[in-house]
Amino acid sequence: MPMASLPLPSITTSTTPTPNPSHSTRRIFAKPSHFITHAKRNNRLRISCTAQNQNDNAAQNVETSKGKVDRRNMLLGIGGLYGATNLVSTHEASANPIQPPVLDKCGVATYSNLKDEEQKIDTCCPPISDKIIDYKLPPVFGMKTRPSAHRVSPEYIFKYNMAIDRMKRLPKDDPRNFMQQANIHCAYCNDAYDQPEQGNLKIQVHKSWLFFPFHRWYLYFYERILGKLIGDPTFALPFWNWDNPKGMTIPPMYMDSKSALYDPKRDKESFPPAVVNLGLIPNKDPLQAVSNNLTIMHSEMIRGNSSAFDFMGKVYKEGSPVNPGAGSIERGAHTSVHWWVGDPGQPAKENMGNFYSAGRDPLFYCHHGNVDRMWTLWQYFLPSSKVPDKRITDPDFLNAAFLFYDENAQLVRVTVKDCLDNLRMGYDYERIDLPWLDYRPPPQSARAKINRIGTNAPFAETLFPLKVDKIVRFRVPKAVKGKAHELLVLENITVDTTKLLKVDVFVNDEDDNVTEIDKAAYLGTYAQVPHKTSATNSMATSSIQLKLIDLYNDMDVAGDDDIVVTLVPRHQGEGMTIGGIKVIRDPSSPAATT
Ligand code: C2O
């Protein structure tokens with residue numbers, strides 16, 4: 001692994017500005033020896049930043065009986081017990097949060113065989129339960145520390161392996177059984193659930209602002225079940241540290257073919273020492289791969305995001321069509337790791353390469369550990385000078401709800417607002433350097449500007465709507481001349497959701513070497529993991545926006561009236577049509593120009 005040549009700045013309490021003084025204590029990541037002191041820290045945090053949750057702690061458990069209680073009355077009942085008006089109040093309201101599925105209406109899940117396009121069905125519905133309890137976060141006495149998967153001890157591996165092994169041996173109809181847990185992902189991601197009372201609209205937890213919260217709760221209960229199975233309530237899931245060069249291979253503990261952590265359905269080309277490919281960029285040079293990865297991390301965590309929705313994903317409420325738009329990490333690094341691990345010899349790139357099967361690989365939960373860690377870092381580490389406006393206060397976000405089985409096989413209802421603070425949920429992440437934090441590409445040379453001025457690239461309006469079946473370069477008028485707070489908006493991106501799709505976006509790029517993205521011109525990506533959105537229609541439409549100001553700061557745009565955009569399809573760009581593209585002023589920026 002080529003680490004010696006890379007700058008690896010470390011993050012420390014003293015040098016990292018924090019967005020909010022009440023969070024400054026979070027800079028000290030938990031170490032195992034700090035278990036006792038964390039309870040104290042957590043009390044402080046609870047007072048300072050989770051006031052909105054006080055009502056929940058007072059909420060009583062709600063028990064319902066399937067079939068005896070009208071579903072709508074049941075929802076109203078739950079709302080009443082919250083003592084607040086922020087849950088569903090009337091059916092007629094213009095928008096409501098996404099409600100949990102009705103388990104006994106769970107249908108078949110669908111997915112496509114990637115090779116012959118044939119549609120398959122799979123049954124992945126959970127057992128039905130008569131009783132749903134409104135979940136209350138238990139008090140935190142000892143903070144769990146999720147470790148970096150490359151750094152764990154043999155004792156940890158032994159315990160983790162034993163826990164997964166026991167999970168696999170549970171009775172098949174136990175909701176905590178390994179396959180039942182894997183099927184949670186299938187059911188929530190491959191159309192098994194309808195939105196209650198919303199006709200044919202499905203519940204989909206990807207490509208929207210529900211992505212991070214859903215997967216956080218999913219891992220939370222998975223972790224508690226594993227802990228219960230080995231009688232160790234401090235057990236913490238590992239995270240695949242793919243954002244750090246030292247973690248950019250499949251973690252060794254998942255490679256032992258005799259271990260319960262092993263899954264034979266993986267791409268052999270991705271076995272260690274292959275470097276994880278966070279951009280699915282065809283480049284075999286491991287040094288270049290590491291540099292590309294760090295560029296992608298910097299871009300998806302910081303450089304490309306203007307609003308909270310750019311990171312979290314787009315608004316998704318009751319009645320919304322599925323797939324309104326994924327956030328930067330979900331589209332980018334998250335998608336790439338799924339695809340990179342999945343086995344190309346399987347019909348639908350099982351297990352990791354398709355949503356219906358991803359949860360069958362124990363590596364999935366390790367991958368999502370790091371995805372979840374990125375959310376935590378974004379919330380509490382990144383200074384507001386870099387990422388303003390991180391909070392989403394819309395009640396239809398905060399009150400969106402899911403159902404899970406807890407470690408006692410009890411069906412529980414959980415809400416987004418209860419999962420916003422990982423410390424309050426009782427876990428933290430091992431502290432690891434973030435080499436991408438300041439991984440800015442070198443400034444562009446003056447020659448790039450000359451090339452650009454001499455370009456005869458057509459204007460975008462003459463090309464769109466555009467099917468991205470080849471590399472295409474065009475000009476887009478700027479909203480403001482020269483350097484300004486602007487966004488590049490890709491509108492009405494219509495995709496076939498059953499395909500892996502990936503298209504990268506470059507602005508004012510100097511040359512055509514698109515296998516090196518560690519340069520000023522790389523702006524971001526659109527990508528998705530294959531899944532189905534409905535039995536009859538696999539198309540979905542969304543839009544994305546990418547922040548331009550950091551990129552402008554690394555190149556000479558003085559006096560420019562337009563930018564030159566290059567779209568580079570990496571995978572099946574022909575499955576994607578972009579309706580339009582434009583540059584707008586960044587509405588979340590205080591000043592329109594710098
Ligand atoms: Cu629910 Cu990584 O997918």
Side-chain angles (χ1 to χ4, degrees), residues 98 101 109-111 122 124 126 149 180-193 202-223 237-240 242-243 250 254 263 265-267 270 276-278 280 300 311-314 316 322-343 348-375 400 402-404 414 416 419 497-502 525 527-533 540:
I98 290 287
T110 54
Y111 65 99
D122 200 35
C124 49
Q180 292 283 353
Q181 287 292 306
N183 282 344
I184 292 172
H185 200 256
C186 170
Y188 271 104
C189 319
N190 288 72
D191 294 346
Y193 295 135
K202 300 288 180 182
I203 294 177
Q204 171 57 261
V205 292
H206 298 89
K207 292 176 135 183
S208 79
W209 64 7
L210 296 187
F211 172 75
F212 285 108
F214 170 82
H215 291 85
R216 175 168 284 183
W217 276 120
Y218 186 12
L219 261 60
Y220 174 86
F221 290 113
Y222 196 81
E223 180 172 78
L237 281 171
F239 64 90
W240 180 357
W242 36 249
D243 59 306
I250 294 180
Y254 294 92
D263 179 1
K265 293 184 183 172
R266 292 182 191 145
D267 189 348
S270 301
V276 70
N277 193 338
L278 297 184
L280 300 179
E300 292 172 5
F311 180 80
M312 296 293 295
K314 293 263 160 67
Y316 176 48
V322 299
N323 290 331
S328 53
I329 283 282
E330 182 188 355
R331 292 196 307 268
H334 161 258
T335 295
S336 296
V337 173
H338 270 281
W339 191 257
W340 188 74
V341 175
D343 181 356
K349 212 154 194 297
E350 289 90 345
N351 279 328
M352 276 281 273
N354 201 295
F355 280 154
Y356 96 91
S357 56
R360 299 175 186 178
D361 188 338
L363 192 49
F364 168 86
Y365 307 88
C366 188
H367 171 40
H368 269 275
N370 208 36
V371 170
D372 185 72
R373 177 172 162 261
M374 291 305 133
W375 184 22
F402 314 107
L403 296 181
F404 288 95
V414 296
V416 166
C419 78
T497 61
T498 64
K499 296 195 163 31
L500 174 85
L501 300 172
K502 191 171 197 303
T525 195
Q528 67 172 15
V529 181
H531 61 290
K532 287 281 280 187
T533 51

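Note that ligands are numbered from 1 as they come in the structure, with each ligand's atoms numbered from 1 the same way.
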Exercise for the section: Could you tell me if the ring centre of Y222 sits under 6.0 Å from that of F404? Expected result: no
Exercise for the section: Nearest 10° is fine: what angle sits at atom 2 (Cu) of ligand 1 between NE2 from H338 and NE2 from H368? Expected result: 120°
Handout entry: Where atom 1 (Cu) of ligand 1 is the vertex, angle from H206 NE2 to H185 NE2 to 10°
Key = 110°
Problem - Parallel, tilted or perpendicular, as decided by the 30° and 60° cut-offs, for the rings of F402 and Y188 - result: perpendicular
Problem - Closest non-hydrogen atom pair between F364 and A358, with its separation - result: CB-O, 3.2 Å
Exercise for the section: Tell me, please, if H215 has any N/O/S atom, main chain or side chain, under 2.8 Å from atom 2 (Cu) of ligand 1? Expected result: no
Practice task
Give a yes or no on whether H334 keeps an N, O or S atom under 2.8 Å from atom 2 (Cu) of ligand 1.
Solution key: yes
Completion exercise
Given the options H334, H367, H206, H215 meets side chain to side chain donor-acceptor pair (under 3.5 Å) only with H206
